[in-house]
Amino acid sequence: ESKRVSENEDWWKEFADRAEKSGLDVRAIEHGGKIVLLLQIIAHCDAIGDKVVVFSQSLPTLSYIEEVLNSPDWMGFKLFLPDNTRKQKLGGWRRNQEYLRIDGSVDAKERG
């Protein structure tokens, strides 16, 4: 079981290694490692047709994520998708079309 836990702890290393080989330092503060990883997850899920739910207690964080998703090229982030996934256009996503945002400003009846 300890080997299985160890494998789970290292799930992100392959992405980090590939990103760094391409010149992207995921640990650099100007790249915001968390948003880079979130966008990687969102892009991968979109490529395979899965949905993603992102939770945050911070409205400014949700607004930043939304700003990135709305930008034409996800603010220039380099994404690394497996070769066997379709190469979809990223960026320029629109609220209530490519994604939904549910926060405290959404009426409880609409939240379902």
Side-chain angles (χ1 to χ4, degrees):
E1 175 154 9
S2 64
K3 183 179 180 183
R4 185 175 184 182
V5 170
S6 175
E7 289 173 1
N8 289 339
E9 291 173 357
D10 297 337
W11 64 269
W12 58 274
K13 286 187 177 180
E14 181 181 351
F15 163 71
D17 290 342
R18 287 176 41 206
E20 287 181 18
K21 286 177 185 172
S22 297
L24 176 64
D25 181 3
V26 296
R27 293 173 186 85
I29 194 162
E30 68 266 21
H31 291 121
K34 291 179 184 177
I35 190 70
V36 169
L37 186 57
L38 175 63
L39 291 175
Q40 176 66 25
I41 291 168
I42 291 171
H44 184 82
C45 290
D46 183 59
I48 62 174
D50 280 353
K51 307 284 188 232
V52 178
V53 178
V54 177
F55 291 93
S56 176
Q57 293 180 323
S58 167
L59 290 176
T61 297
L62 288 175
S63 294
Y64 176 68
I65 293 167
E66 187 169 26
E67 180 182 343
V68 172
L69 293 175
N70 289 326
S71 71
D73 64 351
W74 282 6
M75 296 186 170
F77 286 110
K78 296 179 187 175
L79 300 171
F80 302 93
L81 297 174
D83 292 335
N84 62 344
T85 59
R86 63 184 168 88
K87 301 297 182 197
Q88 75 277 22
K89 175 190 170 284
L90 298 175
W93 286 16
R94 294 159 299 196
R95 185 190 282 196
N96 298 325
Q97 291 184 20
E98 286 85 13
Y99 70 92
L100 299 174
R101 177 174 173 162
I102 301 174
D103 59 31
S105 69
V106 176
D107 187 84
K109 292 177 186 174
E110 289 182 51
R111 294 184 209 174

Leu39 and Ile65: CA distance, side-chain angles, deciding distance, side-chain contact (heavy atoms from CB on, under 4.5 Å) verdict: CA-CA 9 Å; Leu39 291 175; Ile65 293 167; 6.0 Å; no
State yes or no: do Leu37 and Val54 share one hydrophobic cluster built from I, L, V, M, F, W and Y residues joined by side-chain heavy-atom distances below 4.5 Å, directly or via other members? yes
For a 4.5 angstrom cut-off between non-hydrogen side-chain atoms, does Ile35 reach Leu38? yes
State, to 0.1 Å, how close [X] and [Y] come at their nearest heavy-atom pair, and which atoms those are.
X: Val106; Y: Arg101; result: CG2-O, 3.7 Å
X: Gly92; Y: Glu98; result: O-OE1, 4.5 Å
X: Val52; Y: Ile41; result: CG2-O, 4.5 Å
X: Trp74; Y: Ala43; result: CZ3-CB, 4.0 Å
X: Ser105; Y: Asp103; result: OG-OD1, 2.5 Å

List the steps and the verdict of side-chain contact (heavy atoms from CB on, under 4.5 Å) for Trp93 and Asp46. CA-CA 12 Å; Trp93 286 16; Asp46 183 59; 4.0 Å; yes
Pairwise distance CZ(Phe55) to CD1(Ile102) - rounded to 0.5 angstrom: 9.0 Å
Could you give the distance from CD (Glu66) to CG (Leu69), rounded to the nearest 0.5 Å? 7.5 Å
Residues Tyr99, Ile42; criterion side-chain contact (heavy atoms from CB on, under 4.5 Å); working and verdict: CA-CA 11 Å; Tyr99 70 92; Ile42 291 171; over 6 Å; no
